S.K.: 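The structure's right below; bear with me while I get my questions together.
In this chain, residues are counted from 1 in sequence order. We count ligands from 1, going down the list as the structure has it; atoms in each ligand are counted the same way. These figures come from a predicted structure and were not determined experimentally.
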Amino acid sequence: MRKPAPRRVAPSAMPRVKPISRDEFDRRRRQLMKTMGRDSIAILPAAPVRMRNNDVEYAYRQDSDFHYLTGFPEPEAVAVFVPGREQGEYLLFVRERDPARETWDGRRAGPEGATRDHGADDAFPVNDVDEILPGLMENRAKVFYTVGANREFDQRVVGWVNSLRAQAKHGRHPPHEIVALEHVLHDMRLFKSKAEVELMRESARIAARAHVRAMRFTRPGLNEYQVMAEITHEFSRARADTSYQPIVGGGANGCILHYRENDCELKDGDLLLVDAGCEFEKYASDITRTFPVNGRFSPEQRALYDIVLEANLAAIAKVKPGNHWNEPHEAAVQVLTAGLVRLGLLKGRVPALVKSGAYRKFYMHRTGHWLGMDVHDVGDYKLGDQWRVLEPGMVLTIEPGLYIAPGTKGVPRRFQGIGIRVEDDVLVTKDGRSVLSSGVPKDPDEIQALMAAA
Ligand code: GLY
Ligand code: MN
Ligand code: MN
């Protein structure tokens, strides 16, 4: 037997939270195959390696659907599910062991490791996939496959079906239907298991710590990238990665929704908007906090902040089983519009302004999205033409904001250049909700106290 690979993590640094167990991966596969039925086969490729420039690769990130079903971390792999197949229902095609390549690129499981360590019933070299797959498809009516996600692989699947068609007169029967695999998988992924929730809690805990660290660190004269460095340091030391490029926007940069430069000096008297989340064991957090660079909100900043926070709390209160997807957004829009009228930034009656969408001048995005392995996670928001009803196990963000860009017509100068968002990660529970990102303050007095104590 091969010598076991060295432990990747020193025991003292082991995370408190367990990764997804082999049993759980197995349960997911069985659930998928039950939904598919016996006359079908599912095919799912691993994420391709992507080049950053010349011969340098981007850090490899496994495809979320592939990970969800296999937990197999390598590229150039294909998972195949064949319900009811006597010699094994779960097959993995993987790279063969190759000491020379492994010296350059790292360890490979090989077919032997795929069965021994990753739960595959049977495994083959990935170079043999063209030879073996048509035979597995034969006499199966449906192919569950996600079309359009990987163009190159789409062509290969079509090629396998065609190769069977070409032999129809020899009695070989090709599948006659391609079914959207993602439709089944994404509905499964929308409902987080207990183990997934624990990983998401940990992901949010790490991100919350990073935000607290950023608040403590921030002062006038620093640069946005220095604050970002504090955040990514906190992620890395917890063995987490960024789940998207952090947004660290001082002053008017906070009004740019996907601000990415993160290279401006932080000015006394400005706010700083930090939207940063991590990915821990493949599960994302997504948190935004907005706080004063010098530790004290100005009256105008505080007035706008109080409105956004009120909208955040009102929207979170609408997260509970039985409410539909849009209710938190509707609550946020109501509060934001009423607040803008109070401050004189919108004129008219609140119901009419909500109806006309007048608030969109200052609030141009929606109040949240599903959260899971992908930061904008999979899952339908509507079923037919009805908003989806919230159910326990779903996780979503609540992220209202107000953005008063410099030069906005009809707005007093003192409000211009202020961008505020307050974003939390919220789990729907049996009784209501649990805010996963509660480890970082959002109450303005608490933020000021935390910054003053730094
Ligand atoms: N950070 C991306 C988002 O808030 O949706
Ligand atoms: Mn978000
Ligand atoms: Mn965000």
Side-chain angles (χ1 to χ4, degrees), residues 61 64 189-190 192 200-201 203-215 224-225 227-228 230-232 234-235 240-250 253-262 271-280 282-291 305 308-309 311-313 315-316 318-319 325-326 328-329 331-333 336 360 362-379 381 388 390 394-403 419-428 433-442:
R61 166 57 157 81
S64 295
R189 280 177 54 190
L190 183 55
K192 276 66 180 178
M200 293 197 71
R201 275 191 198 287
S203 180
R205 264 196 293 264
I206 296 164
R209 277 207 302 273
H211 278 265
V212 168
R213 183 171 170 147
M215 285 179 186
E224 291 164 351
Y225 60 72
V227 177
M228 179 167 74
E230 293 296 305
I231 289 166
T232 50
E234 198 60 39
F235 291 172
D241 201 348
T242 48
S243 53
Y244 53 90
Q245 218 176 311
I247 297 167
V248 183
N253 294 340
C255 299
I256 302 170
L257 298 180
H258 291 164
Y259 176 68
R260 294 189 180 95
E261 291 84 351
N262 298 347
L271 290 179
L272 176 60
L273 185 154
V274 176
D275 183 345
C278 71
E279 180 177 300
F280 177 73
K282 296 278 183 306
Y283 286 84
S285 44
D286 179 10
I287 304 179
T288 308
R289 290 293 183 265
T290 311
F291 50 93
Y305 188 92
V308 175
L309 181 58
N312 167 285
L313 295 171
I316 289 175
K318 292 289 183 190
V319 177
W325 167 260
N326 210 38
H329 179 64
V333 161
L336 294 173
R360 289 202 191 102
F362 306 111
Y363 181 47
M364 54 298 278
H365 60 79
R366 292 191 51 88
T367 301
H369 48 82
W370 301 128
L371 183 69
M373 278 194 279
D374 299 342
V375 67
H376 292 173
D377 206 29
V378 295
Y381 292 95
R388 187 146 201 165
L390 300 177
M394 294 172 164
V395 182
L396 61 149
T397 66
I398 293 292
E399 50 180 303
L402 285 176
Y403 312 93
I420 299 171
R421 179 162 64 254
V422 180
E423 176 175 28
D424 283 303
D425 302 345
V426 185
L427 163 73
V428 185
R433 72 209 66 80
S434 170
V435 179
L436 308 181
S437 47
S438 60
V440 52
K442 58 184 171 182

S.K.: What protein heavy atom sits nearest atom 4 (O) of ligand 1, and how far away is it?
M.R.: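 I find the closest protein heavy atom is E399 OE1, 3.0 Å.
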S.K.: Please compare H376, Q245, R366 and report which has the shortest non-hydrogen distance to atom 2 (C) of ligand 1.
M.R.: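 Considering heavy atoms of H376, Q245, R366, the nearest to atom 2 (C) of ligand 1 sits in H376.
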S.K.: What atoms in ligand 1 come closer than 4.0 Å to a heavy atom of E423?
M.R.: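 With E423 as reference, the close atoms of ligand 1 come out as 4 (O).
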S.K.: If you count the atoms of ligand 1 from 1 in the order shown, which ones are under 4.0 Å from a heavy atom of Y244?
M.R.: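 In order of number, 1 (N).
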S.K.: If the cut-off is 2.8 Å, does any N/O/S atom of H376 fall short of it from the Mn ion (ligand 2)?
M.R.: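 Looking at H376, which is the residue asked about, there is no N, O or S atom under 2.8 Å from the Mn ion (ligand 2).
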S.K.: Answer yes if the ring centres of F291 and H211 are under 6.0 angstrom apart, and no otherwise.
M.R.: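 Aromatic pair excluded; centres sit 6.0 Å or further apart.
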S.K.: How far is atom 3 (C) of ligand 1 from the closest protein heavy atom, and which atom is that?
M.R.: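 The closest heavy atom on the protein side is D286 OD2, 3.3 Å.
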S.K.: Measure from the Mn ion (ligand 2) to every N/O/S atom of D286 and report the name of the nearest one.
M.R.: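 That would be atom OD2.
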S.K.: Name the option, out of V375, D275, T288, that contains the heavy atom nearest to atom 1 (N) of ligand 1.
M.R.: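 Of the listed residues, D275 has the closest heavy atom.
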S.K.: Distance from R260 atom CZ to Q245 atom CD, nearest 0.5 Å?
M.R.: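 It comes to 6.0 Å.
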S.K.: From L273 CG over to R289 CZ, what is the distance, rounded to the nearest 0.5 angstrom?
M.R.: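 If we round to the nearest 0.5 Å, L273:CG and R289:CZ are 11.0 Å apart.
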S.K.: Just verifying a value: how many Å separate K282 NZ and S203 OG, rounded to the nearest 0.5 Å?
M.R.: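 Going from NZ on K282 over to OG on S203, the span is 12.5 Å.
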S.K.: Just how far is it from atom OG1 of T367 to atom CH2 of W325, taken to the nearest 0.5 Å?
M.R.: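 These two atoms lie 8.5 Å from each other.
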S.K.: Nearest 0.5 Å please: distance from the CE atom of M200 over to the CE atom of M373.
M.R.: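 Reported value, rounded in 0.5 Å steps: 10.0 Å.
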S.K.: Tell me whether the count of non-hydrogen atoms from other residues, nucleotides or ligands lying under 6.0 Å of NZ in K192 goes above 12.
M.R.: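 Enclosed.
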S.K.: Could you tell me whether the Mn ion (ligand 3) has an N, O or S atom of E423 under 2.8 Å away?
M.R.: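 Within the cut-off used here (under 2.8 Å), E423 does place an N, O or S atom near the Mn ion (ligand 3).
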S.K.: Can K442 and D424 be said to form a salt bridge (charged side-chain N to carboxylate O under 4.0 Å, His left out), step by step?
M.R.: CA-CA 10 Å; K442 58 184 171 182; D424 283 303; 2.8 Å; yes
S.K.: Please work out whether any backbone atom (N, CA, C, O) or any side-chain heavy atom from C-beta onward of I247 is under 4.0 Å from ligand 1, and answer side chain, backbone, both or neither.
M.R.: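 For I247, no heavy atom sits under 4.0 Å from ligand 1.
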S.K.: Of all the N, O or S atoms in E399, which one sits nearest to the Mn ion (ligand 2)?
M.R.: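 The atom in question is OE2.
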